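Read the structure below first, then the notes.
In this chain, residues are counted from 1 in sequence order. Just so you know, these numbers use all the heavy atoms, side chains as well, and skip hydrogens, waters and symmetry mates. Since the model is a prediction, treat every value here as computed from it, not as a measurement.
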Amino acid sequence: MTQERNVDFGFGCMRLPVLQADRPDSFDYGKINRLFDAFLEKGFTYFDTAYTYHGYHAEEAVRRALVERHPRDSFQLVTKLPLRDFKDAEDMERIFNEQLAHCGVEYFDYYLLHNMGTNVYEKCKKYDAFGFVARKKAEGKIRQVGMSFHDMPELLDEILSRYGDVLDFIQLQINYVDWEQPNVQSRRCLEVAGKYGKPVTVMEPCKGGTLVNLPEEAEALLKAQRPEASNASWALRFAASQEGVNRVLSGMNSMEQVEDNTNTFLHFEPITPEEQKVIDQVTEIIEKNTPIPCTACAYCTHGCPKNIAIPQYFALYNSISRTTGSFSSQAVYYNNISLKHGKASDCIGCGQCEKACPQHLPIRQYLKDVAGKFEAGTSFPTRK
């Protein structure tokens, strides 16, 4: 039975449509404009971007497609302070002013400390990043302060016990595969946020497309339960059904996705106990068929000294594990990508990718696995 929607839905801008796959700043503005307009026409207003998205160009794209085309009071704009990028207190000020200019606004409705974790927490304490965003809120340049968090529940508890008065909300990775995963622990992080009374915005409800492009066996289970429902709607409903969640984000790059996802929230139905049993079965199948649980956020590629296309290689590796007889075509893709990027075997083991990975994956070992699968006895063309 359809219930009144009490969970908001936001447009995630980490994976906007582009004209060239290898050019993250080659935005397809005609398509983006149509997607944004349709989202607004459905009655939704929340747009989530960040300083680092699309090779540091997403904020400018949002300005052109949203801010310059719609009244300021018709949307809510969200962006984030890149905790890996700032050098000191003065640099935070510089970046924040750049963001206002990039987005073409005088204030942000929501502003987050981006990708908080063990790797940046000490730096945030040293340069008082929490005090910085609190001051910007006091100045009226931020309406609500948040934090996107990618680490263990124990660290979240420590941060909220110390800085909880600064934070109005928390953004967490919540989806049915990561619910009990030891490297993410969605459930326990959600419980910690609830302990401190912090409403939660959900990111990665579809785990970078993993919960949309399901193994056939898993998809069959969902279709048997709800024949007309999309795989994405199951993932979105799971996230939105959790206690303490008040908003769910989804990156959309087609009109079909906008229509399907907004319909899920306009006619929201919580996950039932019977459906949860089906989700548990689907989770087992996915875990069996996904050797590398990468969400393709690409944080790992920023600053890679060998310019290795880590998410693309991991996707190809996973694709082989899900299907049969496809190695030849996947190898062709691998060879083509390696013309402009380092091969998996080019990794020098510096470890910067693992420090940046929100999923805390052993990327260096996975790259060895990829190289073993795709490079053994393979002749690669010379990169130009």
Side-chain angles (χ1 to χ4, degrees), residues 5-18 24-25 27-54 57-80 99 102-105 107-112 114 143-144 146 148 169 171-175 199-209 211-212 230-233 235-237 239-240 245-268 295-298:
R5 177 171 61 89
N6 56 9
V7 178
D8 192 19
F9 179 51
F11 199 124
C13 300
M14 187 166 74
R15 304 178 180 94
L16 295 172
V18 294
D25 61 340
F27 297 104
D28 185 345
Y29 281 107
K31 190 172 185 180
I32 296 171
N33 292 348
R34 292 191 293 273
L35 299 181
F36 281 13
D37 292 354
F39 184 77
L40 288 166
E41 288 168 4
K42 294 288 186 178
F44 299 94
T45 62
Y46 192 97
F47 291 83
D48 174 278
T49 187
Y51 187 75
T52 58
Y53 290 172
H54 278 270
H57 293 283
E59 291 175 335
E60 296 174 11
V62 171
R63 183 194 73 231
R64 284 186 54 179
L66 179 68
V67 178
E68 294 179 356
R69 300 178 57 253
H70 295 278
R72 182 64 182 90
D73 61 358
S74 68
F75 59 85
Q76 300 174 87
L77 183 58
V78 190
T79 195
K80 310 175 185 75
Q99 292 180 289
H102 289 166
C103 293
V105 296
Y107 68 92
F108 296 113
D109 297 281
Y110 299 83
Y111 191 80
L112 293 85
H114 192 190
R143 298 290 171 83
Q144 287 201 41
S148 65
F169 69 104
Q171 189 159 302
L172 296 175
Q173 178 170 319
I174 295 176
N175 57 69
V200 169
T201 293
V202 171
M203 56 185 162
E204 298 287 359
C206 296
K207 198 171 172 64
L211 307 188
V212 176
S230 67
N231 296 343
S233 70
L236 295 174
R237 289 175 56 229
V245 169
N246 74 337
R247 182 178 292 109
V248 176
L249 307 177
S250 178
M252 298 169 282
N253 48 40
S254 74
M255 192 61 70
E256 180 184 12
Q257 291 172 358
V258 171
E259 292 285 344
D260 179 55
N261 292 358
T262 55
N263 186 63
T264 296
F265 285 88
L266 289 170
H267 308 282
F268 181 67
T295 67
C297 70

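For the side-chain contact (heavy atoms from CB on, under 4.5 Å) test, residues two or more places apart in sequence or in another chain that qualify with Ala296 are Pro311. In this structure, the salt bridge (charged side-chain N to carboxylate O under 4.0 Å, His left out) partners of Glu68, at least two apart in sequence or on a different chain, are Arg63. Here Asp109 pairs with Arg72 under the salt bridge (charged side-chain N to carboxylate O under 4.0 Å, His left out) rule; sequence neighbours left out. For Arg69, the salt bridge (charged side-chain N to carboxylate O under 4.0 Å, His left out) partners are Asp37, not counting sequence neighbours. Scored by the ring-ring contact (aromatic ring centres under 6.0 Å, His included) test, Tyr29 finds Phe27 as partners (sequence neighbours excluded).
Rounding to the nearest 0.5 Å gives a distance of 5.0 Å between CD of Glu204 and CE of Met14. In this structure, Cys206 SG and Asn261 CG are separated by 6.5 Å, a value rounded to the nearest 0.5 Å. Met203 CE to Gln173 CD: the interatomic distance, rounded to the nearest 0.5 Å, is 6.5 Å. Of the inter-residue distances, the one linking Cys103 atom SG with Tyr51 atom OH reads 11.5 Å to the nearest 0.5 angstrom. Atom CE of Met252 and atom CD1 of Ile32 lie 12.5 Å apart (nearest 0.5 Å).
For Gln99 (side chain) and Lys80 (main-chain N/O), a donor-acceptor pair under 3.5 Å exists by modelled atom type. Side-chain atoms of Asn231 come within 3.5 Å of backbone atoms of Val212 as a donor-acceptor pair (strictly under, hydrogens ignored). At least one donor-acceptor pair closer than 3.5 Å links the side chain of His54 to the backbone N or O of Pro24. In this structure, Asp48 contributes its side chain and Val78 its backbone to no donor-acceptor pair below 3.5 Å.
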How far apart are the C-alpha atoms of Phe268 and Leu236, what are their side-chain angles, what is the distance that settles it, and do they pass the side chain to side chain contact (heavy atoms under 4.5 Å, CB included) test?
CA-CA 10 Å; Phe268 181 67; Leu236 295 174; over 6 Å; no
Could you check Leu66 against Leu40 for side chain to side chain contact (heavy atoms under 4.5 Å, CB included), going step by step and ending with a plain yes or no?
CA-CA 10 Å; Leu66 179 68; Leu40 288 166; 4.0 Å; yes
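Side-chain contact between Leu266 and Phe44 is present, with at least one heavy-atom pair separated by less than 4.5 Å. Annotation: side chain of Leu249 is in contact with side chain of Gln171 (closest heavy-atom distance under 4.5 Å). At a threshold of 4.5 Å between non-hydrogen side-chain atoms, the residues Thr49 and Leu16 do not count as touching. With contacts defined as side-chain heavy-atom distances shorter than 4.5 Å, the pair Arg143/Gln76 does not qualify. Using a 4.5 Å cut-off on side-chain heavy atoms (C-beta onward), Thr201 and Asn246 make contact. For the pair Leu35 and Met255, the minimum side-chain heavy-atom distance is below 4.5 Å.
Applying the salt bridge (charged side-chain N to carboxylate O under 4.0 Å, His left out) test to pairs two or more places apart or on separate chains, those with a residue in residues 246-266 are Asp8-Arg247, Lys42-Glu259.
With respect to Val248, the side-chain contact (heavy atoms from CB on, under 4.5 Å) criterion is satisfied by exactly one of Ile174, Val202, Thr264: Val202. Remark: of the listed residues Phe75, Phe39, Tyr110, Tyr110 is the sole one forming a ring-ring contact (aromatic ring centres under 6.0 Å, His included) with Tyr46.
What you find for Val7 and Ala240 is that their closest heavy atoms are CG2-O, 3.6 Å. For the pair Pro205 and Asn175, the tightest heavy-atom approach, listed with the atom from each and the gap, is O-CB, 3.2 Å. In terms of heavy-atom proximity, Thr45 sits nearest to Ser74 at CG2-O, 3.6 Å. In terms of heavy atoms, Lys31 sits closest to Ser254 at CE-CA, 4.2 Å. For the pair Val62 and Cys13, the tightest heavy-atom approach, listed with the atom from each and the gap, is CG2-SG, 4.0 Å. Among all heavy-atom pairs drawn from Arg15 and Gly208, the shortest one is NH2-CA, 3.8 Å.
Between Phe11 and Phe36, the ring planes are perpendicular. Angles over 60° get that label, and only those under 30° would be called parallel.
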